[in-house]
Each structure stands twice: as structure tokens, then as C-alpha cells.
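Let me begin by presenting the structure, written as C-alpha cells, before commenting on it.
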Amino acid sequence: MSATPTTTSVSDYEVLVVGAGFSGLYLLHRLRAEGHLVHAVEQAPEVGGTWYWNRYPGARCDVESVDYSYSWDEDLQQEWTWTEKYPAQHDILAYLKHVADRFDLRKDIDFNTTLTGAEWDESQGLWTATAADGRVYRARYLLMAVGCLSAPKDIDLPGFQEFTGRVLRTYDWPEGEDLRGQTVGVVGTGSTGAQVVPALAETVADLTVVQRTPNFVIPTRNRPLHEGELDEIKADYPARRIRNKTHPAGVFRSDNPKNAYDVDDEERRATFQERWEGGGINFLGSFADLMFDQAANDAVVEFVHSKIDEIVDDPETAASLKPDGYPLGAKRPVVATDYYETYNRSNVHLVDVKKNPLETFTATGFRLADGTEYEVDTMVLATGFDAFTGPFTKMDIRGTGGRSLAEIWNRDGAKTHLGFGASGFPNMIIVANVGSPSVLANMVTAIEQHVDWISRLLSTMRDEGHTMIEAQESAQEAWAQTVEDVAAMTLWPNGDSGSWYRGANVDGKVQLFMPYAAGVVEYGTTIDKAAANDYEGFTLS
Ligand code: N01
């Protein structure tokens, strides 16, 4: 708790929600409706979480608009108008602002409030959380609705401090900035890089993309919704939401039930081609065994390689863009518009730093190992996140006996029981993050599933006179093992992908597979069973 207090105000609540993105807003609404005294704090001056901050050109979600939205209010889903198949950042932010206004949520949110730490007071059974400006919040329950991808990865580029030009990071991009006419460098070719690169290519004079690990990039095929399409969806909305909850990914996909080698070469290629034409994450439903069978995955890898060869004019650039050494899906698959096509533009250049390492940044740009120098006006860093754990470990969270969550997670990796609680941190409840399907599903479905479970838990505790819940250490160990074991049944952990799913993108981070790979259906059964069994694995008192 580092900041010098400028105020000593102390506010008392039953529940303190940290974050006002998709999770925090629904928690606030749901818990308030159930009569809990609940309040939220939010670092930003506005609601929206990740969709407030990530305003970079091209930012768009790869889950369809009509599914990447709340399902818990029929009037809300009937009255909101989505205009495109996939929502742009500003569309999602507008939607969340509307939700905040419509359900009068803002009155219970303190904006511009960054919590620096939270401490469990054992004698009183309360959390005391401190904001950067010194304000203090006391609450029985601390609900961590902080997002999985909200703490940027530290800059780990050689000699970056030498660079004196402008630096923009995609995670907090200045509103409306498109770097028109400038000479620009971009580091990072993940989901963010693959969206910002084609968008910037349209406006900047010259764009150099620094790529370390190539990704599999599937075309989005975004389009305006056809006339009448939204009305048809709305007529069937409740049933559509139920269908979404029957798919492990929390969004209905017409997955092909066949395995890749159940069919001949021609049918296999035609199937990939059809899904590629359709665009989006549905491509992963081409065959049932893509994430389970290496040969099936090799087939899809070969198909994507062939598309890169087809699209990219320069053979050397095409060769550099082809991912190898890890299965498609082991790193979060990227969905973007005109990504490969962008490398055919005369103002866009790819620098493959696996072949020719980035030696150092200089005052005016950067230099490669072979001595090639690049001069840029602005460097754009799309270098990713300290995923899952970062938003927790950047705070000083102290549990029973003063134990530090950051110390434990940095040393042993992040472990939870069923994704909701960590042993030694009573009444700290985690929302849709480590140990639950979270990022491997439609985040909104995963969030709703978590919030519904948490709200049931808190109401049950109130009704039964409990005031404390804590994950049992043995249950937490067993669940962490289950999360690993389930991931090990898939190709997700395989290869040299450096994926943030397992912390491999951050130097020195303990590598554990963090999301629960079995998906929301299996997970829902597990958590409901635990609840029905008197919250098995948790101690309630
Ligand atoms: O981050 P990333 P992101 N030198 O970690 C490179 C979601 N999302 O912000 O792979 C050189 O995926 C790094 O290279 P490497 C989605 O879940 C969704 O792009 O480590 N390069 C990589 O290329 C996504 O997965 C949407 O070798 C360095 C890139 O930076 C998640 O957010 C849109 C480097 C980081 O990629 C994160 O995506 C956007 C270094 N020192 C985001 N350090 C949609 O819904 C890092 N890199 C569409």
C-alpha cells in the first residue's frame, strides 16, 4: 500500500466489487437486486473495463455481437441494436455505458479509483482496501472482477529506454489517434497486433511490423447485419442464449462431428475452405479432433500455410508468416481482417526477429543483428498482458496472517478452488479468471455463469448465517491438478508457443495452464454440484 494518503475517508459495504467491466457491472446489478449492500471501484473514469481501455484502431471482438452481450434481461436484449456481425470496441463500450445508465449502476461505482492493496482483518472478518489516493473501503467480501487481460506485460525489449520517439501502447490507446502520415513500428503480432496492423496500414506513411512468433490468423469476415437479421435473432433470443450455454465455448457453433481423418483429402480441404470462407472462430469447428489429435492439427496447419502462400505475394514474407513448432490453438487463435493481405502493401514491411534478432532500440528506432537500422516516429507496442495473475499481483493483497497473494502466486503459480477462491484469502472471490473456463469461452457467458454462482453463494451464506468462506488447501491443490490434467488431454499446452494461457509470455512466470479447458458446460455441472454439496472444498463459517 504505497501511495501517500490525501484523504482518510472510510466507506463500509457488505460487498466491494473491484472493476466495472462486464463482470463488475453484472455483479453490481445482481447483488444489489438481491438486497446486498454492494459498491464497486473502477480505475477508469468510465465503465467498460477492457473495452474502455483498448481503443486502438481496428479493435473488435471476435465473438458475434448478439452473443457478446448480457443474456439476463430480455428487455435489454430486445431494445439494443447491433449493426455489425462482430462488434467494434466503440460498439461494446456504448452498450456497456447504456447498461450502466439503464440499470442506474453508476451511483454505486467510484470511478478513477485504483486499489493499491487489500488486507484481511482476521479479528473483524473484513477486508480493508486502500485506493491510491488514500481512500479506504471496508467490506466483508472482496469480489475481484478485474479481468484476465488488464495488466500489460512489462516492456522487455532490448535497449528500449534509448528510444526517444513517441511510444503508444495498444492497451491504453489515445482516443482517435491514427498516426496519419507517420513512420511507425509495431511490436507484436497477437490478436491485438493483427488488428492494429491492417488498420494503421491505411493511414500511416510507412509501417514496419516486428514479429517474433507468427500466429495463425483466421479472417473475420465482418459485415453489417442484413436487413431483418437482427429481428430474426431477437425473435429467437431466449432460445439462442440457452443454445449458447450448451456449447463448451459458451457460444453455439455448428461443430462438425467428424474427425479430420474420417474423410478423404478432398473433403478435408473443402471443409477447411468452407469454414475459412465463413470466417471467424467457427473455423475451429472444422473437425471434432483438431485440438485433440496431432495429425488433425497438422492438417489444419498445412491448410493455413497454403492460404498464406495464396494470399501473400512475397515468398520470403509468406515463409516468415507461417507458424510452426506449435499446434493451431495452443496460442490463442487470432481472428482479423485483411491481416495477410496487408503485407502486399508497399508501405508495410515485416521484420522477422526470429531470423534476424532485434539487437537494440536506438534513439530514433531499432537495429537488427545484421546491422540493419530502422528509423521511426512512433513505436506501437502490442506486446500483450501479464494474463490472469497480473491484475492481482500488482496489488498488495494480504490474507490470513499477512500472507501475500503476489508472493504465493509468483512462487507457486496461481491456484484456486474451482476458480472462485484461494486458500488463505477468506472472502476474496474471484470472477471468471484463473481456474475457470474464462478466456477459453465467450467471456460474457463465462462471466454470467460465475456471477450467478457467486450471487447464489452470497445469498445462501446470508440466509444460513455464515459470514466467511475460504477455499480448502487440499481442494485447491486437487482443482489445480484437474485444470492441468484436463489441459493435458488437449493440444493446448503443446509445443513452443510461448502462450499466455500458461504464463509463458512473461519471463520468469511460473508456468501452469490457467484456464479450465473443459468448457462452460462441464464446469457448470462441477460448480453446481459443489454448491449442492454444501460448497464442497470450501469452509463456510
Ligand atoms: O497479446 P499477445 P495481444 N519481442 O500476448 C509479442 C485478447 N484479444 O494483446 O508470441 C518481440 O497475444 C509477442 O511475441 P511472442 C485475445 O484473447 C482479443 O495481442 O511472445 N515480440 C506477441 O506477438 C488475445 O489472445 C481480441 O513471440 C514480443 C505479441 O507481442 C489476448 O487478448 C483482440 C515481445 C503479444 O501478443 C492478448 O492479445 C485483441 C518482445 N520482447 C486481444 N514481447 C479479439 O477479440 C511480446 N511480443 C479479436
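All ligand and atom numbering here is 1-based and tracks the order in the structure. Bear in mind that the values here come from a model prediction, so they are computed numbers and not experimental data.
Aromatic pair Y343/Y339: ring centres closer than 6.0 Å. Centroid-to-centroid, the aromatic rings of F22 and Y70 come within less than 6.0 Å. Aromatic pair Y95/W82: centroids less than 6.0 angstrom apart. If you look at W479 and F420, their ring centroids are not closer than 6.0 Å.
Defined by atom type and a distance below 3.5 Å, a donor-acceptor pair is present between the side-chain atoms of S71 and E448.
Counting heavy atoms closer than 4.0 Å to ligand 1, residue Y56 contributes side-chain atoms (C-beta onward) but none from N, CA, C or O.
A heavy-atom separation below 4.0 Å is not found between Y326 and ligand 1.
Protein heavy atom at the shortest distance from atom 6 (C) of ligand 1 is G188 CA, 3.7 Å. Summary of contacts: the protein heavy atom closest to atom 21 (N) of ligand 1 is V187 CG1, 3.6 Å. Scanning the protein heavy atoms around atom 27 (O) of ligand 1, the nearest turns out to be T213 OG1, 2.5 Å. Among all protein heavy atoms, the one lying closest to atom 10 (O) of ligand 1 is K331 NZ, 2.8 Å. Regarding atom 36 (O) of ligand 1, its nearest protein heavy-atom neighbour is G190 CA, 3.6 Å. Among protein heavy atoms, atom 41 (N) of ligand 1 sits closest to D156 OD1, 2.7 Å. Residue, atom and distance of the protein heavy atom nearest to atom 23 (O) of ligand 1 are T189 N, 2.9 Å. The protein non-hydrogen atom at the shortest distance from atom 29 (C) of ligand 1 is A382 O, 3.3 Å.
Remark: ligand 1 and D62 share an N or O pair separated by less than 3.5 Å (distance only, no angle test).
Salt bridge status for D178 with R180: present, with a side-chain N to carboxylate O gap under 4.0 Å. The existence of a salt bridge linking K415 and D412 is excluded, since no basic side-chain nitrogen approaches an acidic carboxylate oxygen closer than 4.0 Å.
Considering K354, R212, Q89 only, the shortest heavy-atom separation from atom 40 (C) of ligand 1 involves R212. Nearest residue to atom 38 (O) of ligand 1 from T192, V506, L440 is T192 (criterion: closest heavy atom). By heavy-atom distance, the residue among K153, R169, R332, R60 lying nearest atom 48 (C) of ligand 1 is R60. The residue among I92, T50, L149 with a heavy atom at the shortest distance from atom 31 (C) of ligand 1 is L149. Within the set Y501, W500, Y68, the minimum heavy-atom distance to atom 5 (O) of ligand 1 is found for W500. Considering only non-hydrogen atoms, atom 24 (C) of ligand 1 lies nearest to S191 out of A59, G384, S191.
Atoms of ligand 1 found under 4.0 Å from any heavy atom of C61, numbered from 1 in the order shown, are 45 (O). Less than 4.0 angstrom separates some heavy atom of L157 from each of these atoms of ligand 1: 4 (N), 40 (C), 41 (N).
A donor-acceptor pair under 3.5 Å is absent between the side-chain atoms of H417 and the main chain of G435, judged by distance alone.
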**Message:** Using side chain to side chain contact (heavy atoms under 4.5 Å, CB included), reason through E177 and W173 one step at a time and then give a plain yes or no.
**Reply:** CA-CA 8 Å; E177 176 62 84; W173 193 269; 3.6 Å; yes
**Request:** Report the C-alpha separation of K331 and T213 in whole Å, then their side-chain angles, then the decisive distance to 0.1 Å, and conclude whether the side chain to side chain contact (heavy atoms under 4.5 Å, CB included) test is met.
**Result:** CA-CA 10 Å; K331 239 174 153 61; T213 311; 4.1 Å; yes
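The environment of D507 atom CG is sparse: at most 12 non-hydrogen atoms of other residues, nucleotides or ligands sit within 6.0 angstrom.
Screening D206, T203, T378 for a side chain to side chain donor-acceptor pair (under 3.5 Å) involving Q182 leaves a single residue, T378.
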